Student: 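Quick one: the structure is below, and I'll ask about it shortly.
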Amino acid sequence: MCNATNEETRMKILRFIDNYTRRHNYCPSMREIAAAVGIKSTSTVHGYITRMRRDGLIVAEDRCPRTIQIKRKHPQDFSHIRTNTIVRKSV
């Protein structure tokens, strides 16, 4: 179950990935994400990434580093995230 802290951390991760990718033209490593959002373990970051992939917020290739992509242009587009619920708009 997600709580406010988990949702805040997800948003921090999404924003960091977006900003980093815009600056460097490739996505950050798990260690860079961990350092940027104040997480001590890369395993914890991996857990967040896995859940965000499951929830459709990002895409990434398995076993390929630096392949994370945000599915929307701006992380603020994810302001609708609530506990274990994502409102998806039809395309």
Side-chain angles (χ1 to χ4, degrees):
M1 173 166 41
C2 291
N3 61 31
T5 303
N6 287 341
E7 290 180 23
E8 290 169 9
T9 302
R10 284 166 57 124
M11 290 305 298
K12 286 180 186 178
I13 291 171
L14 285 170
R15 286 189 183 110
F16 177 71
I17 291 169
D18 184 55
N19 291 334
Y20 187 99
T21 302
R22 288 173 191 258
R23 269 187 308 219
H24 300 283
N25 293 320
Y26 57 89
C27 68
S29 69
M30 295 291 176
R31 288 182 196 273
E32 290 165 331
I33 294 169
V37 300
I39 296 173
K40 295 180 182 180
S41 168
T42 56
S43 177
T44 302
V45 174
H46 185 267
Y48 275 102
I49 297 298
T50 299
R51 288 186 295 279
M52 287 190 283
R53 285 178 67 188
R54 177 199 65 205
D55 294 342
L57 301 175
I58 61 173
V59 293
E61 293 182 38
D62 288 330
R63 300 179 188 230
C64 292
R66 298 184 186 262
T67 59
I68 300 168
Q69 294 180 349
I70 297 174
K71 290 184 93 172
R72 296 188 184 198
K73 290 278 186 190
H74 303 286
Q76 57 268 28
D77 291 342
F78 297 108
S79 60
H80 62 279
I81 296 174
R82 295 288 180 257
T83 305
N84 292 332
T85 305
I86 298 190
V87 179
R88 292 191 170 99
K89 295 180 182 177
S90 298
V91 178

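In this text the structure is predicted, and so the values were computed from the model without any measurement.
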Student: If I take atom CE from residue Met30 and atom CD1 from residue Ile68, how far apart are they, to the nearest 0.5 angstrom?
Tutor: 4.5 Å
Student: Using the rule side chain to side chain contact (heavy atoms under 4.5 Å, CB included), only one of Leu57, Val59, Ile70 pairs with Met52; which is it?
Tutor: Leu57
Student: Does any N or O in the side chain of Arg51 come within less than 3.5 Å of the main-chain N or O of Gly47, such that one atom is a donor and the other an acceptor?
Tutor: yes
Student: Any chance you could measure His24, atom NE2, to Arg66, atom CZ, to the nearest 0.5 Å?
Tutor: 9.0 Å
Student: Looking at every non-hydrogen atom in both residues, tell me the closest pair between Glu61 and Thr67 and how far apart they are.
Tutor: N-OG1, 3.0 Å
Student: Hey, quick one: are Leu14 and Tyr26 part of the same hydrophobic cluster, counting side-chain heavy atoms closer than 4.5 Å, chains of contacts allowed?
Tutor: yes
Student: Using 0.5 Å steps for rounding, measure from the OG1 atom of Thr9 to the CD1 atom of Ile33.
Tutor: 12.5 Å
Student: Taking NZ, NE, NH1 and NH2 as the nitrogens, is one of them in Asp62 or Arg53 under 4.0 Å from a carboxylate oxygen of the other?
Tutor: yes
Student: Could you give the distance from OG (Ser41) to CZ (Arg31), rounded to the nearest 0.5 Å?
Tutor: 9.5 Å
Student: Give, for atom CD1 of Ile49 and atom CZ of Arg54, the distance between the pair rounded to the nearest 0.5 Å.
Tutor: 12.5 Å
Student: How long is the span from the CZ atom in Arg23 to the OG1 atom in Thr21, to the nearest 0.5 Å?
Tutor: 9.0 Å
Student: With a 4.5 Å limit on heavy-atom distance, are the side chains of Tyr48 and Ile39 in contact?
Tutor: yes
